[in-house]
Structures are given as C-alpha cells and as structure tokens.
Amino acid sequence: MHDLAAAPTPEPTTGINTAGLADFLRTFFAPLFLAVVSVVAIFFLFTREITRFVQFIILAIAIGVIFYVPNIIEVTAKAIAGALGIK
C-alpha cells in the first residue's frame with residue numbers, strides 16, 4: 001500500500017499560468033484568420049471593388065503581423081501594462 005502521508009503537497013499558485021497562451025492563440029486563430037481573409041479577398045475581387053480590396057489587404061497584413069511575428073503579443077501586452085502602471 002502507498003503511504004499517503006509521505007506524498008508532497010503541491011504548492012499553491014500565485015496567479016494564472018499564461019506561459020503558452022500566445023502560442024495557443026496563434027495556433028488556434030491563425031488558420032481561421034487565413035480562411036476568412038481568403039474568402040473575403042476573393043469576394044472583393046469578384047465584385048471588382050479594388051479600393052475595398054486594397055484596404056482589406058492592408059488591414060489583413062496588419063492583423064497577420066500580430067499572429068505571425070514571434071513575441072509581438074507578449075511585447076505589446078507588456079507595453080500596455082507598463083503604460084497603465086501594472087508591473
């Protein structure tokens with residue numbers, strides 16, 4: 001039989017563990033983002049709305065940078081937290 005008294009007790013955590021949150025969000029939302037961008041871009045091309053297509057592509061590139069550039073989410077979050085006075 002196992003001695004339950006000898007088992008170490010886990011230490012309480014002091015906060016939420018967000019170590020893999022950015023990677024999870026990147027792997028979860030990036031394929032969905034690409035699918036939506038593709039469908040909307042094809043729609044704009046078929047309806048011959050070139051001005052809206054260019055605006056959409058510029059916005060999609062800006063949002064894509066957030067998903068695909070490593071550590072941009074962490075750097076942005078730290079900058080916002082620093083600006084708000086949160087350490």
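For the single chain, residues carry numbers from 1 onward in sequence order.
The hydrophobic cluster containing I61 also contains V40, counting ILVMFWY residues as joined when their side-chain heavy atoms lie under 4.5 angstrom apart, directly or transitively. The hydrophobic clustering, which links ILVMFWY residues whose side-chain heavy atoms are closer than 4.5 Å, places F43 and V39 apart.
Under the ring pair (Phe, Tyr, Trp, His ring centres under 6.0 Å) criterion, F44 pairs with F56, not counting sequence neighbours.
Judged as a salt bridge (Lys or Arg N to Asp or Glu O under 4.0 Å), the pairs with a partner in residues 42-51 (not counting sequence neighbours) are, in order, E49-R52. Identified under the salt bridge (Lys or Arg N to Asp or Glu O under 4.0 Å) test for residues 34-46, with sequence neighbours left out: none. Pairs passing the salt bridge (Lys or Arg N to Asp or Glu O under 4.0 Å) check and including a residue from residues 27-43, sequence neighbours excluded, do not occur.
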Exercise for review: Just do the side chain to side chain contact (heavy atoms under 4.5 Å, CB included) check on L59 and Q55 with the steps written out, would you?
Suggested key: CA-CA 6 Å; L59 181 64; Q55 291 171 350; over 6 Å; no

Just list the side-chain donor-acceptor pairs under 3.5 Å for residues 27-38, sequence neighbours left out, or say none.
{"residue": "T27", "atom": "OG1", "partner": "D23", "partner atom": "O", "Å": "3.0"}
{"residue": "T27", "atom": "OG1", "partner": "F24", "partner atom": "O", "Å": "3.1"}
{"residue": "S38", "atom": "OG", "partner": "L34", "partner atom": "O", "Å": "2.8"}

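Listed by chain and number, the hydrophobic cluster partners of L84 are I80, I86, where partners are ILVMFWY side chains within reach of under 4.5 Å, directly or through others.
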